[in-house]
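The next block holds one structure in the form of C-alpha cells; read it before the comments.
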Amino acid sequence: MFYSKYRPQQFKDLIGAETIVKTLKKSLAEGKFGHAYFFSGPRGSGKTTTARLLAKALNCLNLGSDGEPCDQCSSCEAIKKGNFLDVMEIDAASNRGIDDIRDLREKVKLASAQGKYKVYIIDEVHMLTKEAFNALLKTLEEPPAHVVFVLCTTEPRKVPETIRSRCQKFGFKRAGRVDLIRQLQLIVDQEDVVVAQEDLGRIVDASDGGFRDAENLLEQLIVGGLSISELLGGSQTDSLEFVKHLIDLDLGGCFNLIDDLFSSGASLEVFAQDCVETLRQIMLVSGGVGEELVETTRERYQQLKELSLKLKPSDLRQLLDLFLEALPRFARSPIVQLPLELLASTYISPKSISPTFINNSLPLVPDDRLSDSAKPVRIKASLPVEKPKSRGEELVEDSSAAGDPRRIDWTQENGDSNITLELICRLWEEFLEKVRPHNHSLRALLSSSRPKECLEGGVVVLEMFYQFHLEKVKEPKNMEILEKVLAEVTKRPVKIKCVLGDRSTKPAISVAMVNSKVTDSSPADLQNEVELLAKKARAVFGELGAGY
Ligand SMILES: [Zn+2]
C-alpha cells in the first residue's frame, strides 16, 4: 500500500501541517510536552501519522535538537515496523465500551516495557460510550508521568468538553491542491514511473483533499494499471464545471460536458449526485460555513465561494430541486443523457430569454452572464439505451407533469406535434427576428414579453408586463402576424394568448440576474431596479407611441 509505504517517517516529510509540526517540535526539543493531545480534522488530513511521529520523537534515543526523531535508532525502527510495545494504537470504533477503557486504565499504570514513554493513540475517539468517556476522563485527570495520550477524531464536537479541555488541541485541515500534488509527485519519482501532472491534478481533485484517498488512487493507476478515465470517470471538477455552466446560463457548455462525460463512459447518475453535493456545498458556503466544515480543498472552497456569490438563494433551491427530480429519472430514461439535458434546458431556457429584453432595451446593464450562450453546441449522435418502458411509468410521469404548467412534459420530447414551453423558449430568438421584417415596432414590443406556458390545442401564452404593450400586441393585425410567424418557426399550428404579467417582481429579478454584481439584492435594491426598469420602459413607451 502506497499509503503505508510512503507514510512520512519524520516531521520534515509531513506536508500541509507546518504550523502544528512547528509547535510540536518546539515542545519536544524543550522537553515541555503535554500528557494528552487532541487531534481533530477530516479523514486523511494526517492526524494518526502525526500522532505516530510524536510517539517516535518521545521515544527516540537520538532526538535532534530541533525535536526531529532520528528514524534510525532501535526505537524509531521498531515504531516504524509497528512492533514497539509502548506505542499502542486503539481503534475506538471497535473498543468503545467501559471494559475496554477499564482495561486500558489498568495497563496505563504499568511502567513502560521498552521505551521512555507509553503512547496511546486512540483513533476515532468520538465513538466511545459515555461510560468509557467517564473512565477515560479519570485517567486524563491524573495521568502517570510516563504516559502520553493522543486522541484523534473526525468529529470533535461529539467528544465531551470535559475530555477536550484536558488536552492540547490541534486542528488538522485537508491539504491544499499544490501540497497534495507535490506529495504524489514524490511517490511517482520514487516508483520511477511517469504520470502526467494533469493526471495527478485530477486524482487530487477526485480525492477532495485527503492524502490517503489520493495515494490509493495513485496506486491503482500505477500498480493496478488503470487509465485515468477508468479510474475517475466524471470527477468533482466536472460537477463544478457543470454547475458553473448552469449559473452562467451556458446551455451549450452544459450539453457539451454531458456529451463528453457520456463518451468517456462515466456514469451520468453518479455525476448528477456529485452535482447535488457540489450545490449543497455552495449552499453551505453561502450560509457562511467555513472551509473546515465544508471539508474540501482550499482551492475548491474558493471556487465554491465565487459561484455562491453569483447564485441567488431561490435559483440555488430551484437547481437542487431539479437535480433531485432528475435523479430517479436515470433508471427510466430511454436516453441516458436526457435527464441532465432536460434539467439544463429547464433551468436555463426561461432565464436566458428575459435578459434579452433587458439587453435590448437597457444598454446600461452589463450582460456578461450571457456571453457564453452564443457558443456552438456540438452533440454527437447517441444511441438510446435499450430499455423498454412500461405503460405504467408513462402514466405516472404524465399525471405528475400535469399539475405544474412550468414543468416540461418530457414524454412529448420526441418530435411529435405538441407545442411545449421548452420548444417555444428554444425558438424564441428566431421568432423575434422573423417578426422584425413584418413590423419593427411589434418586434420591440415583444422584447418585453416572454412565453409563459403552453396550453392544450397549441395555445401559447405570452406574458407582457405593461398594459400598453398588451393592448398594442392584442390588436388583430398584430396577432395575425405573430401567429403566422410562430407557426412558421415551430412548424405547427398555433394560437397566441397574451396576458398581463406581474411587473413588480418578474422584470426586476431578471435585472438582478443579469447583473451578477447585484447578487444579494435587498428589497431596496430591487425597488431601485424596478424604478430603473419603469423609467426605461417609459422611454420605449414614448418611442412606440410616436410610431403608432
Ligand atoms: Zn530515533
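When reading the values below, keep in mind they use all heavy atoms of this one structure, side chains included, and skip hydrogens, waters and symmetry mates. No experiment lies behind these values; they were computed from the predicted model shown. Whatever order the structure lists them in is the order used to number ligands and atoms, beginning at 1.
Atom NZ of K169 has more than 12 heavy atoms from other residues, nucleotides or ligands within 6.0 Å. Heavy atoms of other residues, nucleotides or ligands lying less than 6.0 angstrom from NZ of K305 number 12 at most.
Considering only residues two or more places apart in sequence or on other chains, Y37 meets the ring pair (Phe, Tyr, Trp, His ring centres under 6.0 Å) condition with none of them. Residues satisfying the ring pair (Phe, Tyr, Trp, His ring centres under 6.0 Å) test with Y117, not counting sequence neighbours, are F33.
Here the Zn ion (ligand 1) has protein N, O or S atoms under 2.8 Å from it, and they come to 4.
Within the structure, the ring pair (Phe, Tyr, Trp, His ring centres under 6.0 Å) test picks out no pair touching residues 58-109 (sequence neighbours left out).
If you check the side chains of Q185 and D189, you find a donor sitting under 3.5 Å from an acceptor.
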